[in-house]
Student: 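Got a structure for you, questions after.
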Amino acid sequence: MRMTTTRALALLLASLNLTSAREPRIQPGRNGAKVLLLGGTGRIGTVVAMHLLSRSPDIQVVLAGRNEGKGRAAVEEIRSEIPANIPKDRVQFQRLDWRDSKSLASALQNEVDAVVHTAGPYSNEKPEVLQTAIQQRVPVYVDVSDPMEFIEACKDMDNEAKKMGTLAMPMGGAFPGLSNVLAMECAHRLGGHIKDIDFSFFTAGLGGSGEINLYITNEGFGEPIHRYEDGKPVKSMTSGGEPRTADFFISSADPSKQLVGTRQIWNWPFPEPKTVGDELEIVGKSTVIPSLS
């Protein structure tokens, strides 16, 4: 599987049905579902907010963060970017330290229909936001996580989430996220049992989040790669190693041949080889190899 993508987020939350877990807690006088966006003043958070409001103009988006100055700036940025027909008060800022468990629980009690957690990175973290969302019976939870340990800890909460009526979707970003969806769609169209999976990514541009991206990249060099070999899950410490090349185009007529072309790629600890490999029960190997520009 070859994928050309940018670091820009295309969040899947807008396509979720907020009533699928249970009826949203929409009270008389409210305009629509309320979404609490943790990390809402960051680059990813503001993009998510604009995407949600553009797709669902009736919702209310609350940007949560610790810095009121950044909060005001983020609100103004979003209000200037959303379509003119969307009331400006659809986006607000709430001062909140999500690491304070009492403050987070209190915020989620306040008629929140969905919580979107973009306050990464998620390395060496526990899914405490998801745990609190489940405890407070928030109907929908989404994050953009990618560390395998964090994802597995989220999956361990599956029974509790079902019991409390929370529909949870970790890995809701571009990769992992859309990459998983594309892989599963390819497998469905091919039919039969899938043997091998190869994820190759080309990324360009940081979208204003360069400092965080640099931090995450440096961390990745010390993380194990979760993948499949001979139909069995394995771990390997080969991040940044085993360089090779990949063609990010289908034919010579493909515009991607000129835009991206052939790039050097190397191993990286994204979770797709493990998560998609698990779901498809592959009998061969799985790999994930990005290229940066």
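Here the structure is a predicted model, which is why all the values come from computation and not from measurement.
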Student: Any side-chain donor paired with an acceptor under 3.5 Å for Q135 and E160?
Tutor: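 No pair is found: no donor N or O on one side chain lies under 3.5 Å from an acceptor on the other.
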Student: On a heavy-atom basis, which atom in G40 and which in A74 lie closest, and how many Å separate them?
Tutor: O-CB, 4.3 Å
Student: Using residues 63-70 as the side-chain source, report each donor-acceptor pair under 3.5 Å to any protein atom, sequence neighbours left out, with the distance given to one decimal.
Tutor:
unit_1: N67; atom_1: OD1; unit_2: G69; atom_2: N; d: 2.9
unit_1: N67; atom_1: OD1; unit_2: K70; atom_2: N; d: 2.9

Student: Please list, chain by chain and in numerical order, all residues satisfying salt bridge (charged side-chain N to carboxylate O under 4.0 Å, His left out) with E76, sequence neighbours excluded.
Tutor: R79
Student: Minimum heavy-atom separation for A107 to V112, with atom names?
Tutor: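 Of all heavy-atom pairs spanning A107 and V112, the closest is O-CG2, 3.3 Å.
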Student: According to salt bridge (charged side-chain N to carboxylate O under 4.0 Å, His left out), who are the partners of E125, at least two apart in sequence or on a separate chain?
Tutor: R99
Student: Should the heavy atoms of other residues, nucleotides or ligands under 6.0 Å from CG of L190 be counted, would the total exceed 12?
Tutor: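 Yes, the 6.0 Å shell around CG holds more than 12 heavy atoms from other groups.
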Student: Could you tell me whether a side-chain N or O of R263 sits under 3.5 Å from a main-chain N or O of V260, the two making a donor and an acceptor?
Tutor: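 Indeed, once roles are kept as given, a pair shorter than 3.5 Å links the two residues.
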Student: Among all residues two or more places apart in sequence or in another chain, which pass the salt bridge (charged side-chain N to carboxylate O under 4.0 Å, His left out) test with K162?
Tutor: D158
Student: Could you work out, with side chain to side chain donor-acceptor pair (under 3.5 Å) as the rule, every residue matching E77, not counting sequence neighbours?
Tutor: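 For E77, the residues satisfying side chain to side chain donor-acceptor pair (under 3.5 Å) (neighbours in sequence not counted) are R43.
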Student: Show the numbers, then the answer: is there a side-chain contact (heavy atoms from CB on, under 4.5 Å) between Q60 and D113?
Tutor: CA-CA 10 Å; Q60 297 175 317; D113 301 297; over 6 Å; no
Student: Side chains of V91 and L53: closer than 4.5 Å at any heavy-atom pair?
Tutor: yes
Student: Not counting sequence neighbours, which residues clear side chain to side chain donor-acceptor pair (under 3.5 Å) with S145? List them please.
Tutor: D143
Student: Determine yes or no for a side-chain-to-main-chain donor-acceptor pair under 3.5 angstrom, with T262 supplying the side chain and D247 the backbone.
Tutor: no
Student: Just by modelled atom types, is the S239 backbone N or O under 3.5 Å from a matching donor or acceptor in the N267 side chain?
Tutor: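 Between the backbone of S239 and the side chain of N267 there is no qualifying donor-acceptor contact (under 3.5 Å).
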Student: For residues 220-229, run the donor-acceptor check on the side chains, cut-off 3.5 Å, and write out each pair with its distance to 0.1 Å, sequence neighbours left out.
Tutor:
unit_1: H226; atom_1: NE2; unit_2: E149; atom_2: OE2; d: 3.4
unit_1: R227; atom_1: NE; unit_2: S236; atom_2: OG; d: 3.2
unit_1: R227; atom_1: NH1; unit_2: E229; atom_2: OE1; d: 2.6
unit_1: Y228; atom_1: OH; unit_2: D278; atom_2: OD1; d: 2.5

Student: For the residue pair L38 and V116, establish whether any side-chain heavy-atom pair is separated by less than 4.5 Å.
Tutor: no
Student: Can you list the residues that meet the salt bridge (charged side-chain N to carboxylate O under 4.0 Å, His left out) rule with E281, with sequence neighbours excluded?
Tutor: none
Student: For residues Y141 and M169, determine if any side-chain heavy atom of one lies less than 4.5 Å from a side-chain heavy atom of the other.
Tutor: no
Student: Restricting to side chain to side chain donor-acceptor pair (under 3.5 Å), what partner residues turn up for T287, sequence neighbours left out?
Tutor: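 Partners of T287 under the side chain to side chain donor-acceptor pair (under 3.5 Å) test: D198.
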Student: Could you check whether any side-chain heavy atom of Q94 comes within less than 4.5 Å of a side-chain heavy atom of L36, counting everything from C-beta outward?
Tutor: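 Heavy-atom side-chain distance check passes, below 4.5 Å.
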Student: When hydrophobic residues are tied together by side-chain contacts of less than 4.5 Å, even through go-betweens, does M184 share a cluster with V283?
Tutor: no
Student: Assess the residue pair Q92 and V75 against the criterion (side-chain contact (heavy atoms from CB on, under 4.5 Å)); give the C-alpha distance rounded to whole Å, side-chain angles, the decisive distance to 0.1 Å, and a yes or no.
Tutor: CA-CA 6 Å; Q92 304 287 341; V75 167; 5.8 Å; no
Student: What about L37 and I86, same hydrophobic cluster or not, with Ile/Leu/Val/Met/Phe/Trp/Tyr joined at side-chain heavy-atom distances under 4.5 Å?
Tutor: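 Yes, L37 connects to I86 through the hydrophobic network.
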Student: Any donor-acceptor pair under 3.5 Å linking the side chain of S54 with the backbone of M50?
Tutor: yes
Student: Measure the CG-CG distance between L104 and L96 for me, rounded to the nearest 0.5 Å.
Tutor: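 Answer for the CG-CG pair, L104 versus L96, is 6.0 Å.
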Student: Listing request: all ring pair (Phe, Tyr, Trp, His ring centres under 6.0 Å) pairs with a residue in residues 113-134, at least two apart in sequence or in separate chains.
Tutor: W98-H117, H117-Y122, Y122-F150
Student: Which residue, V142, T46, I44, forms the side chain to side chain contact (heavy atoms under 4.5 Å, CB included) with T118?
Tutor: I44
Student: Can any side-chain N or O of D100 pair as donor or acceptor with the backbone N or O of S103 at less than 3.5 Å?
Tutor: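 Checking the backbone N and O of S103 against the side chain of D100, a donor-acceptor pair under 3.5 Å is found.
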Student: Is a side-chain donor or acceptor of S286 paired with a backbone partner of P273 at a separation under 3.5 angstrom?
Tutor: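 Checking the backbone N and O of P273 against the side chain of S286, a donor-acceptor pair under 3.5 Å is found.
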Student: Does atom NZ of K88 have more than 12 heavy-atom neighbours from other groups under 6.0 Å away?
Tutor: yes
Student: Could you tell me whether the side chain of V61 reaches within less than 4.5 Å of the side chain of R90, counting heavy atoms only?
Tutor: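 When only atoms from C-beta onward are counted, V61 and R90 do not touch, as no gap falls below 4.5 Å.
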Student: What heavy-atom pair brings D254 and I250 nearest, and what distance separates the two atoms?
Tutor: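 Reported closest heavy-atom pair: OD2-N, 3.1 Å.
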Student: With the 4.5 Å side-chain cut-off for hydrophobic clustering, are V115 and M164 part of the same group?
Tutor: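 Same cluster.
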Student: Between I282 and K195, what is the shortest heavy-atom contact and its length?
Tutor: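 That closest heavy-atom pairing would be CB-O, 3.4 Å.
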Student: Let me check something: do M237 and V288 share a hydrophobic cluster, defined by ILVMFWY side-chain heavy atoms less than 4.5 Å apart, either directly or through other members?
Tutor: no
Student: Would you call E242 and R244 a side-chain contact if the rule is heavy atoms closer than 4.5 Å?
Tutor: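 With C-beta onward as the side chain, the pair touches.
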Student: Between I197 and L280, is a side-chain contact (heavy atoms from CB on, under 4.5 Å) present by the stated rule, with each step listed?
Tutor: CA-CA 10 Å; I197 307 173; L280 293 176; 3.8 Å; yes
Student: What pair of heavy atoms forms the shortest contact from I134 to A161, and how long is it?
Tutor: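 Between these two residues, the closest heavy atoms are CD1-CB, 3.8 Å.
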Student: To the nearest 0.5 angstrom, please state how far the OG1 atom of T41 sits from the CZ atom of R72.
Tutor: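 It is 12.0 Å, given to the nearest 0.5 Å.
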Student: Taking side chain to side chain contact (heavy atoms under 4.5 Å, CB included) as the definition, give me every residue that meets it alongside P271, ordered by chain and number, with sequence neighbours left out.
Tutor: D146, M148, I151, M171, P176, T275
Student: Apply side chain to side chain contact (heavy atoms under 4.5 Å, CB included) to A73 and list each qualifying residue two or more places apart in sequence or on a separate chain.
Tutor: none
Student: Quick one: pull up NZ in K257 and CG in L259 and give me the separation to the nearest 0.5 Å.
Tutor: 12.0 Å
Student: Taking C-beta and beyond as the side chain, do T132 and L108 meet within less than 4.5 Å on heavy atoms?
Tutor: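 Side chain of T132 against side chain of L108, heavy atoms only: contact under 4.5 Å found.
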Student: Do L52 and V35 have side-chain heavy atoms sitting under 4.5 Å apart?
Tutor: yes
Student: Dump the intermediate steps for side-chain contact (heavy atoms from CB on, under 4.5 Å) on F199 and V276, then the final yes or no.
Tutor: CA-CA 10 Å; F199 290 88; V276 178; 3.8 Å; yes
Student: With distance as the sole test, does N180 use its side chain to make a donor-acceptor pair with the main-chain N or O of G177 at under 3.5 Å?
Tutor: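 It does hold such a pair.
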Student: Measure up the W268 and F270 rings against each other and bin them: parallel (under 30°), tilted (30 to 60°), perpendicular (over 60°).
Tutor: perpendicular
